[in-house]
Structures are given as structure tokens and as C-alpha cells.
Amino acid sequence: MIFFSVPLSILRPKRSFRRNPFFYQFISLSSSSSVQSLDMSEENNLHCPDYAELRSNMQNLAKSGAITKALQAFLLMRTAAPGKPTVYDYNSLINCYLKSEYACLHDLSTLYSEMKTLGLYPNASTFNTFLKGLNLLGASKSALWVTIEMCNHAFTPSFTSLSSLLKKCSDSMDLKAAISVLELMIGLNYIPTEPQVISLINRLTKHGMTNKACYVFFKLLDKGYFPTPYIYNPIIWSLCKSNEINLALAFFCSLKKKGLVHNVCSYTALVHGFCEKGLFKEALICLNNICYPNVRTYTIIIKCFCDNGRIQEALSLLTQMEKRGLDPDIVTYNIILRALSNQNMVHEIFDLFQKDLSPDRYTATALSGLLKKGNLGIAHSLLRDIEKSGSDMDVAVYNVYFYRRFKSKDPFSLMNYMKKKGIEPNNITYNTILKGYCERKTMDKTLEFFRTTEWPEKGPDLVSFNTILSAACKKRDSEMVERVLDLMEHEGVKLNVVGCTCLMQYFYNVRKLKDCLDVFEHMMSHGPRPSMVTINSLMIGLCKNRELEAAYRFFCNLKSYGFSPDSKTYKILEGYDDLVAKLQRESFES
DNA sequence: TATCTGTTAG
């Protein structure tokens with residue numbers, strides 16, 4: 001049979017032929033299709049099989065995934081009876097093809113476009129069959145396109161198919177498509193299920209599409225949908241988290257006006273929003289307006305006070321919640337412990353540990369402030385407790401404790417200890433050891449470690465290089481500075497803002513102010529862009545070298561370079577009374 | 001539906 005020798009590739013159109021922006025995979029076989037040019041002459045059909053036989057043949061070919069041959073078999077059915085084959089036969093072809101293990105999007109698109117070439121008009125079943133196939137293939141975008149086609153042909157997609165399409169689009173994070181499906185559903189008076197709406201709105205808000213989430217929400221509201229807080233709370237939260245407390249309030253009040261009753265999570269979002277804006281008074285008023293605030297409500301406001309250094313207020317809120325019968329959880333405690341630890345408030349930390357709390361790895365790292373201040377006792381016994389409790393530890397927890405313990409122990413025995421616990425050291429662990437070498441050993445020994453050690457990741461990183469560069473600069477060891485710079489050049493490591501700042505500090509400390517300024521100018525014109533640490537370093541360098549006038553001029557010009565002086569900049573100036581006096585005088589005169 | 005930590009270089 002000659003048509004069986006037609007290669008599939010001839011039937012397949014070129015990929016670049018796009019018919020529709022939504023469903024470009026649906027490509028026409030075009031008028032030059034070899035299906036059209038099939039030799040249908042009598043001589044090639046000596047045996048004339050009947051309709052049933054031909055149909056069965058077509059179905060078998062389709063089931064085996066041979067769509068070209070199946071299409072050819074479909075055309076052969078013309079010979080069986082007048083008016084044959086029909087769209088039902090074509091539907092059967094598609095159905096059988098979907099049962100084959102070779103079903104793919106490209107072939108499905110071919111089957112769709114070929115219908116028009118053959119002059120077949122799809123019926124509802126055709127569309128549903130295509131939708132079933134596209135669903136199987138997970139091609140949600142194409143399924144949306146077919147659904148729209150179906151509507152354009154005046155057929156109504158079922159609730160089930162739209163609902164499943166909505167889920168597919170939402171799960172595959174094609175949120176724009178999901179919104180289109182939802183619009184189709186609303187247009188047909190189909191109301192999606194609550195879990196679907198919650199999931200879609202959640203995903204929209206989490207991906208910075210809060211306005212779209214609002215759009216979806218109000219569309220449903222217009223249809224008389226009665227939303228629960230589970231549906232709209234993600235919107236309130238999203239607005240509050242992005243510092244849009246005014247919008248959140250407006251949204252919150254408009255819902256209240258409509259008679260919707262908010263729950264504690266809705267109010268907690270507002271508390272968070274007020275806190276984010278620094279509106280502590282309003283946050284507290286909001287807290288007091290909630291009939292039954294919970295641990296999370298309190299935790300959020302406590303965190304806010306802690307982050308703003310208002311620890312006493314945080315502690316009194318802790319007492320207040322306990323009095324109300326709300327037991328703080330480990331999250332609440334970790335937040336407070338972190339703040340206390342940064343302030344080195346050892347007694348208060350001790351008091352907290354008298355309570356019934358089960359420390360976890362968050363607790364371990366929250367105490368890093370304490371470690372930095374040298375209060376090792378409480379921290380180490382805590383670490384032992386956490387290890388014993390079987391809490392999940394990670395490399396960062398060990399790194400936090402590493403440097404402090406390094407002083408009294410051999411670093412490599414500590415690393416073995418980590419490994420025994422199943423924690424692999426990382427570059428940060430090694431950089432910490434490197435720092436220990438810099439502080440306690442000679443630069444030669446440090447460089448030897450640097451070169452000979454087996455680094456855990458892809459070798460030493462920029463921080464590693466900066467660690468040794470910084471050490472050489474601090475020691476004002478010009479030969480070593482040069483060696484490190486040569487090493488960096490050899491390894492193809494470029495200086496970043498930290499390295500450049502180290503070099504500037506080195507230059508002004510060895511009274512090479514011009515070299516220091518050269519580095520700064522180079523940074524300004526070629527990068528890396530100076531940071532405020534760089535700026536402040538230069539200020540110190542100028543002042544140290546008694547270039548007070550230059551420091552003053554530099555300070556005045558900071559804004560024109562795009563920098564804003566910070567508290568450190570002002571502190572530097574405070575150390576130079578004469579300069580400050582001049583600044584004050586001039587500001588009075590102007 | 002909402003809340004938590006931290007390690008290395010200037």
C-alpha cells in the first residue's frame with residue numbers, strides 16, 4: 001500500500017508556523033499535506049473492505065500511535081459509503097490515539113488542524129476528547145485554548161472540565177491562564193470550589209500579584225459569592241507585608257461593611273501591617289480590639305518591639321500574654337532570646353530559661369550575640385541540650401559556635417566532631433579557621449594552610465581571599481599584601497568592594513594617602529562601587545592624616561556622589577572637634 | 001490563612 005510508505009516527517013509542518021498565540025503547537029498540516037495527495041484510485045484498492053473493517057483498521061492504527069497512517073485510513077473510509085467518514089469517526093480516531101503510549105501534543109495539534117483541512121466540523125464530543133487528551137498530557141495552556149475554541153463554536157464546557165483545568169493551571173503556576181479559566185467559569189455561572197479559590201488567591205499574593213488576587217476576589221463577590229476569611233486573609237496579609245497598611249485597612253473595612261466577620265488572623269495581619277510602618281500605638285489598639293488574640297498575634301507584635309530595640313515593652317507583652325493564659329511557644333522565645341542576646345542581657349536570658357521551653361536550632365543561633373560578647377557558658381550548655389534533644393542541627397549552628405571554641409581546641413578535632421554528628425563543614429567553617437590562623441599564627445603559616453587545605457566546596461572563595469588580604473593589610477605587611485594580590489591575580493579573582501576598602505585602609509595607615517585616594521577614584525570611575533564602609537574609611541583616613549579640610553569637603557560632597565552619611569560618619573566627625581566646629585559655623589552662616 | 005535563627009572578609 002503506497003500510502004504506508006509516506007514518512008511522518010512529510011506530514012509534519014515546520015515548527016515555526018504559528019497559528020495562535022495561545023496554542024501555537026496547533027499547527028496546520030497545510031494544503032500541501034500528503035493526506036490530500038493520497039492516491040485514492042481504484043487500482044490501488046483492489047480489495048474493497050467495508051466500513052466496519054476500515055474503521056477498525058483506522059482505530060488500530062491510531063491506538064498504535066501511527067497518526068499519519070490512521071489519518072490515511074480515515075480518508076480511505078470515503079470509499080466505504082456515501083457521507084462517510086463522519087466527525088464521529090474522527091472523534092473515535094482521536095480517542096484511540098489517546099490510548100496509545102505515544103500520544104503527544106504535536107500529534108494532537110496536527111489532528112486538530114487537519115480537521116479543518118478535511119472540512120470536518122467539530123462537535124462537543126470532539127472538544128471534550130481533545131480536552132481529555134490535553135489534560136492527560138498536562139498541557140494546560142493548550143487546553144485553555146481549546147476551551148475557548150469550544151465556546152467560540154457555541155458549545156459549553158462542563159463545570160468538571162473547567163474546574164479541573166483551573167486546578168491544573170493553578171498547580172502549574174500558570175496564574176494568568178488560571179485567571180482566564182476562572183473568568184470563563186464566572187461567565188458560565190460556574191462557581192469554583194472554595195479550596196480552589198483559596199489556592200489561587202494564595203498563589204497570586206505570594207507571587208506579587210496581589211492586585212490580580214483582588215480582581216479575582218471582587219469578580220467572585222460580584223457574582224454573589226460569600227467569602228470566608230480563608231479566602232481574603234491572604235490579600236490582607238500581602239498588603240500588610242508590602243507596607244500597604246492603608247490599602248489593607250480600606251479592604252478590611254469594606255468587607256466589614258458588607259457584613260463579613262473577620263477572624264483573629266485578619267486582625268493579626270493588621271497588627272503586622274501597623275508594626276511594619278512603625279505604628280506601635282495603632283498596633284496595640286488593634287491588639288486590644290481583638291476578642292481572642294492568640295500566640296501568633298502576640299509574637300508578631302513582640303518581634304516588632306524587639307526589632308526596634310524596645311525589649312522592655314516586648315517583655316511586658318510576654319507577661320501580658322501569659323496572664324491571659326496564652327503560652328508563648330518556642331518561636332516567641334527565640335525572638336526574645338535573640339534580642340536579649342544582642343543586648344548581652346544575660347540575667348533576662350537566664351530568667352527565660354527557667355521557663356518550660358524546648359530549645360531548637362533556631363534558639364542555638366539566636367544566641368550568637370551572646371557568643372560574640374564572650375558569654376560562652378550559657379551558650380555551650382544550651383548547645384549540648386539541643387544536641388541531646390535530637391533537634392535538627394545544621395552547619396550554621398556549628399559555625400556559630402566554632403570560632404569561639406577554636407581558641408581552646410584544635411580546629412580539626414572540632415571538624416571531626418561535626419562530621420561525626422553528620423554535619424559537613426562548608427567554606428564558612430574553613431574561612432573561620434582561616435581567620436583563626438590570621439589572628440594566632442604567622443602569615444606564612446596562614447598562607448600554607450590556605451594553599452594546602454582541601455576546601456570543601458569549589459576551593460577558597462572571595463571571602464577566603466579577603467580574609468588573608470585583610471590580615472596582611474592590618475599587619476601593614478607590604479610584602480604579604482603584594483603576595484596576596486599576586487595570588488588573587490594568578491587565580492583570576494577580582495577585588496570586590498571589601499578588598500578595595502582593605503587596601504585603602506592599608507594605604508592610609510602606612511601614610512600613603514595618595515595611593516588610598518587613587519584606589520577610591522578608581523572605584524568611583526571603574527567600580528566596584530564604594531559602600532558606606534568605604535566612605536567612612538576614607539573619612540577616617542583623611543582625618544588621621546590631618547587632612548581635615550579635605551575630609552570636610554568630601555563630607556559636603558557626599559550627596560552629589562549619591563551617598564548619604566550614616567551615624568558612623570557623624571561619629572567620625574565628632575572625634576575632630578575643630579572640624580565639627582567649622583561645619584557648625586558654616587551651617588549657621590548659610 | 002499569620003509568627004522564628006545564624007556562621008566567614010572591609
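A note on names: the letters A, B, ... follow the listed sequences, proteins ahead of strands, and every chain is numbered from 1.
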Whole angstrom is fine here: how far is it from [atom1] in [X] over to [atom2] in [N]?
X: A:Phe507; N: B:dG10; atom1: CZ; atom2: P; answer: 18 Å
X: A:Leu434; N: B:dT8; atom1: CG; atom2: P; answer: 13 Å
X: A:Met415; N: B:dT8; atom1: CE; atom2: C1'; answer: 14 Å
X: A:Leu462; N: B:dT8; atom1: CG; atom2: P; answer: 16 Å
X: A:Lys475; N: B:dA9; atom1: NZ; atom2: C1'; answer: 15 Å
X: A:Ile468; N: B:dA9; atom1: CD1; atom2: P; answer: 14 Å
X: A:Phe450; N: B:dT8; atom1: CZ; atom2: P; answer: 18 Å
X: A:Glu439; N: B:dT8; atom1: CD; atom2: C1'; answer: 11 Å

For A:Ser242, check side-chain contact (heavy atoms from CB on, under 4.5 Å) against everything at least two apart and list the hits. A:Glu244

Quick check on B:dG10: is either OP1 or OP2 less than 4.0 Å from any side-chain nitrogen or oxygen of A:Ser470? yes

Between A:Lys474 and B:dA9, does any side-chain N or O lie under 4.0 Å from OP1 or OP2? no

Okay, side chain of A:Ser391, backbone of A:Asp360: is any donor-acceptor separation there less than 3.5 Å? no

Taking the side chain from A:Glu457 and the backbone from A:Asn427, do they hold a donor-acceptor pair closer than 3.5 Å? yes

Using a 4.0 Å heavy-atom cut-off, write out nucleotides 1-6 of chain B from 5' to 3' as B (base contacted by protein), S (sugar-phosphate only) or - (no contact). BBBBBB

Would you find more than 12 non-hydrogen atoms of other residues, nucleotides or ligands less than 6.0 Å from A:Lys167 atom NZ? no

Remember a base hit wins even if backbone is also touched, and classify A:Thr429 as base, sugar-phosphate or nothing at under 4.0 Å, heavy atoms. nothing

Pair A:Phe280-A:Phe274, ring pair (Phe, Tyr, Trp, His ring centres under 6.0 Å): steps then yes or no: CA-CA 7 Å; A:Phe280 301 100; A:Phe274 284 127; over 10 Å; no

Geometric class of the A:Trp237/A:His272 ring pair [parallel <30°, tilted 30-60°, perpendicular >60°]: tilted

Return a table of donor-acceptor pairs under 3.5 angstrom between the side chains of residues 209-219 of chain A and protein atoms on other chains or two or more places apart.
from: A:Thr210; atom 1: OG1; to: A:Ser238; atom 2: OG; distance (Å): 2.6
from: A:Tyr215; atom 1: OH; to: A:Glu183; atom 2: OE2; distance (Å): 2.2

